[in-house]
Amino acid sequence: MEMILSQTQDDARERFAAAVTAHRRAMYRAARALLSSDADAEDAVSEAILRAWQAFGRLRDEKALKGWLIKITVNCAHEHHRKTARVSYTDDLEPLAGGAEDRHDFTLWDAVCALPEDYRVATVLFYYEDMTTAEIAKALGIREGTVRSRLSRARNRLRTLLEEE
């Protein structure tokens with residue numbers, strides 16, 4: 001019985017490897033169309049291949065394999081874009097006269113620290129730790145709608161605090 005399982009696993013690995021080899025260019029093109037760099041597209045494809053392998057046993061119709069791989073790739077590319085969309089590269093920016101840039105960052109952090117704890121935790125996890133509202137809800141043991149409302153209220157308070165400065 002063990003020999004039969006081993007052959008089945010080897011067969012699945014070979015079919016999966018052949019499918020990825022056959023469709024890797026399409027996967028890359030799909031990712032590259034959504035992402036702004038080659039490296040990001042390659043990362044998304046790598047993540048998609050890993051996720052596809054983990055779910056390969058649940059694929060019902062191997063005729064739909066190409067579309068399935070591309071859908072996983074597109075989802076990974078969207079996820080990658082969402083994660084990197086919040087990143088700001090300040091190395092390329094010219095420093096403002098008199099160190100105003102440092103004061104702005106310090107003022108923003110001070111404003112975040114001035115928020116009530118519930119709002120501050122949600123804000124830090126979302127904006128500084130790049131967690132999703134679902135991940136925050138699970139981590140804090142609250143509903144996702146509660147996380148969204150706390151983030152909304154925190155943004156309103158931050159806007160008020162920063163306008164006063």
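Excluded from the calculations below are hydrogen atoms, water molecules and symmetry mates; all remaining heavy atoms, backbone and side chain alike, are included. Positions are given from 1, in the same order as the sequence printed here.
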Listed partners of R148 passing side-chain hydrogen bond (donor to acceptor under 3.5 Å, both in side chains), at least two apart: E144
Restricting to salt bridge (charged side-chain N to carboxylate O under 4.0 Å, His left out), what partner residues turn up for E42, sequence neighbours left out? none
Hydrophobic cluster identity match, L50 and M27, side-chain contacts under 4.5 Å: no
Can you sort out the partners of A55 under side-chain contact (heavy atoms from CB on, under 4.5 Å), two or more places apart, ordered by chain and number? R58, W68
Suppose we screen for salt bridge (charged side-chain N to carboxylate O under 4.0 Å, His left out). Which residues come up paired with R153, at least two apart in sequence or across chains? none
With distance as the sole criterion, is a donor-acceptor pair present between the side chains of R155 and Y127 under 3.5 Å? yes
Sequence neighbours left out, what passes side-chain contact (heavy atoms from CB on, under 4.5 Å) with A39? Give chain and number order. S37
Applying side-chain contact (heavy atoms from CB on, under 4.5 Å), can you list everything that pairs with T21, at least two apart in sequence or on another chain? R24
Can you run down the ring pair (Phe, Tyr, Trp, His ring centres under 6.0 Å) pairs that involve residues 40-64, sequence neighbours left out, and say none if there aren't any? F16-W53, F16-F56
Pairs meeting criterion salt bridge (Lys or Arg N to Asp or Glu O under 4.0 Å) with involvement of residues 70-80, two or more places apart: R51-E79, E79-K83
What residues, two or more places apart in sequence or in another chain, satisfy side-chain contact (heavy atoms from CB on, under 4.5 Å) together with S46? none
In chain order, what residues pass the salt bridge (charged side-chain N to carboxylate O under 4.0 Å, His left out) check against R159, with sequence neighbours excluded? none
